[in-house]
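Working notes for the structure below.
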Amino acid sequence: MPSLPRIAEQLLFPLAGVHKRHCDGGTWSCHWCHCKLWATPSRGTGPAGPSTLCKNCSLRFRSGKSQQPQRDSAGDFCCECGRSFPSTKQLGSHRRFCKVVAHQAS
């Protein structure tokens, strides 16, 4: 009968291979907003290919935008109405109700 460490190695070795294939050493960041992997729930497709944008920027790209949202001098993301937000998530939530953005779309 195989020893316990040998059985554990057989069970965990395939998982280590999966990790090695997908591990970037903790250096991944979104190509548009530069957030780190731990700050986003998932990665998405962007103009440079799969897994290049965070979830929020990927949704923005898929909706037809060709670049990241504009930033002000403090580094916050700007809406067309003039308000600024520290994250793309807050900017997106604001844009759903922003009268300036709704007026431009119609």
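Throughout, residue positions are numbered sequentially from 1 according to the sequence presented.
In this structure, the side chains of Arg43 and Cys30 stay at 4.5 Å or more apart for every pair of heavy atoms. Residues Ser84 and Cys79 have side chains not in contact (no heavy-atom distance under 4.5 Å, counting atoms from C-beta outward).
Scored by the ring-ring contact (aromatic ring centres under 6.0 Å, His included) test, His94 finds Phe85 as partners (sequence neighbours excluded). With sequence neighbours left out, Phe77 forms a ring-ring contact (aromatic ring centres under 6.0 Å, His included) with no residue at all. Legend: residues meeting side-chain contact (heavy atoms from CB on, under 4.5 Å) with Ser87, ordered by chain and number and at least two apart, are Lys89, Gln90. Residues satisfying the side-chain contact (heavy atoms from CB on, under 4.5 Å) criterion with Lys36, sequence neighbours excluded, are Ser29, Trp38. Among residues two or more places apart in sequence or in another chain, the side-chain contact (heavy atoms from CB on, under 4.5 Å) test is passed with Gln70 by Gln67. With sequence neighbours excluded, the residues that form a side-chain contact (heavy atoms from CB on, under 4.5 Å) with His31 are Ala48, Thr52, Leu53.
The nearest pair of heavy atoms linking Gly75 to Arg71 is O-NH1, 3.1 Å. Across Thr45 and Pro50, no two heavy atoms sit closer than the pair OG1-CA, 3.9 Å.
Formation of a donor-acceptor pair under 3.5 Å by the Ser42 side chain with backbone atoms of Lys55 is not found in this model. Of the possible donor and acceptor atoms, none in the side chain of Arg62 sits under 3.5 Å from a partner among the backbone N and O of Gly44.
Hydrophobic side-chain contacts under 4.5 Å tie Leu59 to no other Ile, Leu, Val, Met, Phe, Trp or Tyr residue.
Contacts classified as ring pair (Phe, Tyr, Trp, His ring centres under 6.0 Å) and involving residues 47-74 (residues at least two apart or in different chains) are not found.
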